[in-house]
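What you see is a predicted model, and the numbers here were worked out from it, not measured in a lab. By convention in this document, chain letters (A, B, ...) are assigned in the order of the sequence lines, proteins followed by strands, and residues within each chain are numbered from 1.
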Amino acid sequence: GAGVSQSPSNKVTEKGKDVELRCDPISGHTALYWYRQSLGQGLEFLIYFQGNSAPDKSGLPSDRFSAERTGGSVSTLTIQRTQQEDSAVYLCASSLARQRQAFFGQGTRLTVV
Amino acid sequence: GEDVEQSLFLSVREGDSSVINCTYTDSSSTYLYWYKQEPGAGLQLLTYIFSNMDMKQDQRLTVLLNKKDKHLSLRIADTQTGDSAIYFCAESKENNRLAFGKGNQVVVIP
């Protein structure tokens, strides 16, 4: 597609439920990133995928968070047993390998009630 | 401590210049970036500067980099109402990930 696409754009879930957030990167981009933006905070790095290499999961805040990238394209971020502090905008970005210009999607606004 | 620090709020009159400042910590960062986020939207890359440059100009935008002080600034000339947004500076880290500041909200007064 023309840009990074994320779905859903908004998600309201009950505390304790699991959620899945989807990211479709720009076609041909081998690098994919997930960030989290909380109210009044900057962007917090979560996880990074590069081609077939093992992902850098160093930013995941707890073992309730996981992500996968299938076929080197679409990525899914899963949050299990959601907590209220998980409420945030989750942003996905992609870039070409070795190119530092990352393009961001519109984000998924997650609200845990 | 924070990797990247920014002040939080700037109010400017339409037609004036805006200057947003940022300090970063990683002297090995290869690239430094400015992103713009309009309400309800994702992040838009505005401009970036390679670490061996002191200045980069792109139309109304001027980026200044002081590597010695690890200080980055963005100047917007002839600020327009469409420039109202949150501006994030970011530095490149290992694995190509970006470390962002908390952002600086710019409000343009007509």
Side-chain angles (χ1 to χ4, degrees), chain A residues 1-10 21 23-26 29-51 53-60 67 88-109 111, chain B residues 1-9 20-26 28-53 56 58 61 63 65 72 85-106:
Chain A
V4 178
S5 177
Q6 291 187 246
S7 61
S9 54
N10 280 284
L21 312 180
C23 173
D24 280 276
I26 293 173
H29 281 193
T30 58
L32 186 147
Y33 313 78
W34 283 97
Y35 291 86
R36 176 168 72 174
Q37 184 177 22
S38 303
L39 186 64
Q41 300 295 314
L43 277 80
E44 174 189 9
F45 166 77
L46 297 178
I47 189 168
Y48 162 70
F49 296 90
Q50 173 60 57
S53 302
D56 175 0
K57 304 179 182 180
S58 60
L60 295 178
V89 176
Y90 289 82
L91 291 162
C92 175
S94 70
S95 68
L96 288 169
R98 298 184 178 277
Q99 181 173 339
R100 309 262 178 168
Q101 185 173 346
F103 295 86
F104 282 79
Q106 301 284 55
T108 294
R109 181 175 296 278
T111 304
Chain B
E2 297 287 341
D3 288 305
V4 182
E5 292 191 11
Q6 292 182 249
S7 54
L8 297 180
F9 183 81
I20 308 165
N21 297 300
C22 166
T23 57
Y24 62 97
T25 58
D26 190 346
S28 66
S29 292
T30 308
Y31 290 89
L32 295 127
Y33 304 82
W34 283 103
Y35 280 85
K36 176 183 180 183
Q37 185 178 37
E38 296 182 69
L43 271 73
Q44 172 195 356
L45 177 65
L46 276 182
T47 186
Y48 62 93
I49 188 167
F50 191 53
S51 59
N52 69 352
M53 298 170 65
K56 179 179 179 181
D58 183 0
L61 305 178
V63 179
L65 175 60
L72 183 73
I86 300 176
Y87 291 81
F88 292 92
C89 67
E91 58 175 339
S92 57
K93 307 289 282 184
E94 66 281 0
N95 278 348
N96 288 4
R97 72 177 177 89
L98 299 174
F100 288 86
K102 291 190 175 181
N104 188 311
Q105 183 167 5
V106 174

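Only the side chain of B/Leu45 has a heavy atom closer than 4.5 Å to any heavy atom of chain A. Neither the backbone nor the side chain of B/Gln44 comes within less than 4.5 Å of any heavy atom of chain A. Heavy-atom distances place no part of A/Gln6 under 4.5 Å from chain B, backbone and side chain included. Only the side chain of A/Leu91 comes within less than 4.5 Å of a heavy atom in chain B; its backbone stays farther off.
For A/Ser58, the side chain to side chain donor-acceptor pair (under 3.5 Å) partners two or more places apart in sequence, or in a different chain, are A/Asp56. Among residues two or more places apart in sequence or in another chain, the side chain to side chain donor-acceptor pair (under 3.5 Å) test is passed with A/Gln106 by none.
A donor-acceptor distance shorter than 3.5 angstrom exists from the side chain of A/Tyr35 to the backbone of B/Leu98, with no hydrogens or angles considered.
Atom OH of A/Tyr90 has more than 12 neighbouring heavy atoms from other residues, nucleotides or ligands inside a 6.0 Å radius.
Residue B/Leu43 comes nearest to A/Phe104 through the heavy atom pair O-CB, 3.5 Å, listed as atom of the first residue, atom of the second, then distance.
In this structure, CZ on B/Arg97 lies 14.0 Å from OG on A/Ser95, to the nearest 0.5 angstrom.
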